[in-house]
Amino acid sequence: MEYNFKELEAKWKKYWADNNVYKVNVDQSKPKYYVLDMFPYPSGAGLHVGHPLGYIASDIFARYKRLNGFNVLHPMGYDAYGLPAEQYAIQTGQHPAITTDQNINRYHEQLDKIGFCFDWSREVRTCDPIYYKWTQWAFTMMFNSFYCNSCQKAQPIEKLIKHFETEGTQNLDIAQSEELTFTAAEWNAKSEKEKQETLMNYRLAYLGETMVNWCPKLGTVLANDEVVDGVSVRGGYPVVQKKMRQWCLRVNAYAQRLLDGLQTIDWSESIKETQKNWIGRSEGTEVQFSVKDSDVKFTIFTTRADTMFGVTFMVLAPESDYVAQVTTADQKAAVDEYITYVKKRTERDRISDRKVTGVFTGSYAINPFTGEAIPIWVSEYVLSGYGTGAIMAVPAHDSRDYAFAKHFNLPIIPLIEGADVSEQSYDAKEGIVSNSPRAGVKPYIDFTLNGLTIKEAIAATKKYVKEHNLGRVKVNYRLRDAIFSRQRYWGEPFPVYYKNEMPYMVPADKLPLELPEISEYKPTEDGQPPLGRAQMWAWDEKNGKIVDKALVDNKTIFPLELNTMPGFAGSSAYYLRYMDNKNEEALVSKEANGYWKNVDLYVGGSEHATGHLIYSRFWNKFLFDMGVSSTEEPFQKLVNQGMIQGRSNFVYRIKDTNTFVSLNLKDQYDVTPIHVDVNIVSNDVLDLEAFKKWRPEFETAEFILEDGKYVCGWAVEKMSKSMYNVVNPDMIVEKYGADTLRMYEMFLGPVELSKPWDTNGIDGVHKFLKKLWRVFDGGLVEAKADAKELKSLHKAIKKITSDIENFSFNTCISQFMILLNELGDLKCNKKEIFEPVVVLLTPFAPHIAEELWHQMGHDTTVLDAAWPVFDEKNLVESSFNYPISFNGKTRFMLELPLDMDKAAVEKTVLENEQTQKYIDGKTIAKVIVVPGKIVNIALKG
RNA sequence: GCUCGAAUGGUGGAAUCGGUAGACACGAGGGACUUAAAAUCCCUUGGCUUCACGGCCGUGCGGGUUCAAGUCCCGCUUCGAGUACCA
């Protein structure tokens, strides 16, 4: 009988569903293992062959773990909020929930065809109120928390209020937007509104006036990772900087823990490196400078405290509050003009032309180390968002300061012995300090750095600065707080209402606050977000419910927040929800979380390195502080699957004709390459009839063939509809079956590697499955396996087991092919051998494995079988092939027992007949024997 | 610019600790079966050289360490990824 994959796959799909084979429950008697995929955003285009790559890899691992006796949690769900559904809704007026639902159904159908072992009863959808209730809940928890630096933990805001009431800001070391100082008396004298405003400075979820990436075309704010090269990632629209009042998450407070945690998790070095850079820890010194003839003082941040004696000017960021304070009357016009110019420049302009610009403020600062008066400038190369928004410029040892100094003709003082700064600055942190202070200049303070290394000089300066109250040692992080407001409809509504213009949280027991219906999905005419159109969108504080916004009286009924949450809100804690997705009392029960803990293996794309993978780590650390999550890190091991690119095919039309010429003859003509649908091309050979039917203009096409075939050209491009290179997994499943698709996707190469999809090789794995099928079709026999057969089998068990552990699935499949070839050569059809083979195959080709398992007389699922145990004894590795070399050149191989000692090997080799031939009367100068490796004989003469 | 990673046949890719480079597969060539096709099976397939046995050269380039280097070290080249005025 033929290998009828269609029938067989349908049969087992039904069996698995009917018997709830993939349903898992907490089971204390078994060890747990949690395998998670990054859940997809269900787009309208459906899945292409690139999407399942990671899912197949994780599915293999999940099945492997299950066969090894683990209780495996392997869920799937949908990241259902997103821009495409909303934009479609704006165009068509259809509710985004409808489109989203349709897309989810299509995804589900496609996923099911591939035979994944997902426990669908645990599915989550981020747009489902019973799910986003907990997203909202976590947000209110963050609102009601602050971060304590000394105990490195989030704490309830009540604790902070108590502290303010008794001590004011004394003895506080906490994360904050700006440094505030007030006494207990001052705090107690504040009005309720003032108190609320003050608390905003500390809350982990806070309303902040921030510079945001505003995308006018999309009408919304974007996170830093949603903007690339000054345009939006989705849509590619220009993005400008704009100051807005937005919800923010104080991610920066967790910077150190996010950095430290990287050492405890098993992620690729490159992703860890990316996150390290993104967090951007830098240790430095804050130094205070006073302004000449003024009481104004300002603070700068530097990592090069050793260069205090080489400061020749100061620079403020254009947005800095100090600018207005230090600008003199006669420079005001020039400064104002400059600031106007900077405001007009977009992020994009700054990236494209990096020209030196700036303006003098008219004021001078006093260098606390030299007493010199140095000019204060304003320039866009200093950023307001980092450090203090002000720098001391040391042109001799900083290339940006150098460029500025050269452009505006400011002095440059070298501070390192032998540093030549005539052409460029000397940025390296190596060398001996000089000119600090300069020879012949009367010292302003009793302090010198001359003769020290840079490292020593930095330490000495830090010490001096601290002792003399000139500043302090400071660690800065580049990681910015996450902007959490989006001016969109299709997202989680904030559980926030405004009383006296200050935000208040909807009580936790009233959640979820459901997304209201609106008539149109675009922003309102007066520029409010879409939720401004919702009629039923006001909060009745007394009765705890949503009411008509016409009733707002600002006494008991208040307006609700009009923004919604960003895409990363729903995806930040979803892994916890899978553990207990129906719980209405908690995000996850203690029992479920106590058992499943965190994700053991997380598979997904590396493009989330600075987005989702930072936010969810932050979110989880917060929940850990709250005692909700039992583990500090959410994802223990991370594997990044590569992208599958498209492999486009071309036909070559002779200009101004309807004649197409085959690839290798095209140079004889003047041709235009035309993309052709890869689905009517097989092994780069065009199906002529299908081509004629493909599009009406090709109906009359004529062909110039080579060897009776039309050969197409090809190129690697992004997989997209317009290149006609999208390969749909359904079509592969239809033609070859799900098992072939699964094996082939793995066979393409290492999971981590990006590679073009190339259907050409798929016959290879399909042939393997057909061959395997034929062995069973011929019938198995009950007979004792011999040593050779056992050796083949155990070699495979060893290799496949270790390769799965190492996530090297392509070599597993090679090993299967080798195994089948070897067993074929041995004419082996013994059940004793093939039974473990079927179990080994289960993770890769579950349908055929299940069928063969049952054909062998088992009546439970193959997933209940046990992974074959590797037995060293069966690998008759009792001997080793020694390469025998003369004068370093390998001449022949000699098989010797492994357990022979060095002396015995040497003796045997020297007495060997072939060795004698090579020695042939010559003197042996040296014999090198490395047991189990090599014998090298050096000859003299 | 900085950080990280990669480079192996016509193609995708193997090679655990430095130990027979090119496993496995695709493609290509030849053959068997067949009226024919499909399917299946067998042989060849890194380059050069030799009637043949064999020999020589070969893992981006140039050096080095070693009995032995795709693998380790130094210096380049090219490509990819991340990041970008972060003081």
Side-chain angles (χ1 to χ4, degrees), chain A residues 2 228-229 268-278 280-282 284-285 300-305 307 315 317 350-351 354 356 379-383 385-394 397-401 403-404 427 476-480 606-607 609-610 640 642-643 647 683-684 714 744 747-750 752-765 767-768 770-771 774 798-799 802-803 806 808 810-821 824 880-893 926-930 932-938:
Chain A
E2 271 289 285
V228 171
D229 292 339
S268 73
E269 281 310 312
S270 72
I271 290 262
K272 285 197 204 177
E273 194 65 32
T274 305
Q275 291 211 343
K276 261 184 225 164
N277 292 340
W278 192 258
R281 184 181 202 271
S282 96
T285 318
I300 58 91
F301 175 78
T302 181
T303 54
R304 291 295 299 276
T307 59
V315 189
R350 280 201 188 190
I351 291 163
R354 192 166 294 194
V356 180
S379 174
E380 60 179 335
Y381 86 87
V382 173
L383 306 174
Y386 185 75
T388 60
I391 62 152
M392 61 179 212
V394 186
H397 303 292
D398 182 287
S399 49
R400 295 154 300 176
D401 298 345
F404 196 83
D427 290 17
N476 267 330
Y477 300 92
R478 188 159 52 197
L479 181 70
R480 305 213 192 141
S606 56
E607 67 272 21
T610 54
N640 299 115
M643 296 256 272
R647 187 181 187 279
N683 284 346
D684 290 337
W714 61 276
Y744 184 59
F747 189 62
L748 273 174
E752 297 87 344
L753 222 76
S754 285
K755 56 231 154 190
W757 175 263
D758 180 356
T759 315
N760 286 349
I762 200 163
D763 280 330
V765 287
K767 259 189 237 171
F768 163 78
K770 281 200 282 193
K771 265 194 237 177
R774 273 202 303 274
K798 187 181 182 183
K799 174 97 175 123
S802 71
D803 282 352
N806 295 325
S808 173
N810 54 331
T811 51
C812 285
I813 291 162
S814 294
Q815 188 59 46
F816 277 119
M817 293 174 177
I818 294 168
L819 175 65
L820 194 61
N821 286 342
F880 179 82
N881 270 326
Y882 282 82
I884 311 297
S885 311
F886 291 89
N887 291 342
K889 275 191 181 157
T890 302
R891 300 294 165 163
F892 63 93
M893 304 298 292
K926 195 164 66 170
V927 182
I928 295 158
V929 179
V930 183
K933 286 200 165 170
I934 188 169
V935 178
N936 193 347
I937 301 165

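Order of the sequence lines sets the chain letters (A, B, ...), proteins ahead of strands, with each chain counted from 1.
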In terms of side-chain heavy atoms of [X], which of [options] is nearest?
X	options	value
A/Lys770	B/C24, B/A87, B/A39	B/A39
A/Met817	B/A23, B/A25, B/C26	B/A25
A/Trp278	B/U40, B/U83, B/A25	B/U83
A/Asn277	B/U3, B/A25, B/A87	B/U3
A/Thr274	B/A23, B/G13, B/G82	B/G82
A/Asn760	B/A87, B/C4, B/C26	B/C26
A/Asn821	B/G13, B/A87, B/A25	B/A25
A/Thr610	B/U83, B/A87, B/G13	B/U83

Kindly label the base of B/G46 as syn or anti, based on whether its glycosidic torsion lies within 90° of 0.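 That one's anti.
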Just confirming the chi classification of B/C67, syn or anti, using 90° around 0 as the syn window.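 In terms of base orientation relative to the sugar, B/C67 is anti.
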Measuring only the [atom1] atom in each nucleotide, how far is [N] from [M]? A whole number of Å is fine.
N	M	atom1	value
B/G60	B/U45	P	24 Å
B/U11	B/C48	P	15 Å
B/C85	B/A15	C1'	46 Å
B/A23	B/C76	C1'	32 Å
B/C53	B/U49	P	15 Å
B/G19	B/C72	C1'	14 Å
B/G13	B/A87	P	38 Å
B/U71	B/G1	P	27 Å

Need one value for [X]: base, sugar-phosphate or nothing, where a base atom within 4.0 Å counts as base even if backbone is also close, heavy atoms only.
X	result
A/Leu753	sugar-phosphate
A/Asp401	nothing
A/Pro750	sugar-phosphate
A/Lys771	sugar-phosphate
A/Phe747	base
A/Asp758	nothing

Base-pairing assignment for [N] (Watson-Crick or G-U wobble, both under 3.5 Å):
N	answer
B/C72	B/G64
B/A7	B/U77
B/G58	none
B/C53	none
B/G27	B/U45
B/A84	none
B/U16	none
B/A39	none

Return the minimal non-hydrogen interatomic distance between A/Ala609 and A/Ile271, and the atom names on each side.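 Closest approach of A/Ala609 to A/Ile271: CB-CD1, 3.7 Å.
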Verdict with reasoning, A/Arg647 to A/Asn760, per side chain to side chain contact (heavy atoms under 4.5 Å, CB included): CA-CA 11 Å; A/Arg647 187 181 187 279; A/Asn760 286 349; 4.0 Å; yes
Donor-acceptor check, side chain of [X] to backbone of [Y], threshold 3.5 angstrom: yes or no?
X	Y	value
A/Asn806	A/Ser802	yes
A/Arg478	A/Asn277	yes
A/Asp427	A/Ser399	yes

Is the shortest side-chain N/O distance from [X] to OP1 or OP2 of [N] below 4.0 Å?
X	N	result
A/Arg774	B/C41	yes
A/Tyr381	B/A87	no
A/Asn810	B/A14	yes
A/Lys799	B/A14	no

Map A/Thr811 and A/Ser282 onto RNA chain B by nearest heavy atom, then report which one ends up closer to the 5' terminus.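 It is A/Thr811, whose closest nucleotide lies nearer the 5' terminus.
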Closest-nucleotide mapping onto RNA chain B: is A/Ser606 or A/Ile391 further toward the 5' terminus? I mean the 5' end.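 With A/Ser606 and A/Ile391 compared, the 5'-side residue is A/Ser606.
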Could you tell me how the ring of A/Phe301 sits relative to the ring of A/Tyr386: parallel (under 30°), tilted (30 to 60°) or perpendicular (over 60°)?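 Rings of A/Phe301 and A/Tyr386: perpendicular, as their planes differ by over 60°.
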For a 4.5 angstrom cut-off between non-hydrogen side-chain atoms, does A/Trp757 reach A/Tyr744?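 Touching, per the 4.5 Å side-chain cut-off.
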Quick one: do A/Lys767 and A/Asp763 make a salt bridge, cutoff under 4.0 Å?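 Answer for the salt bridge query: no.
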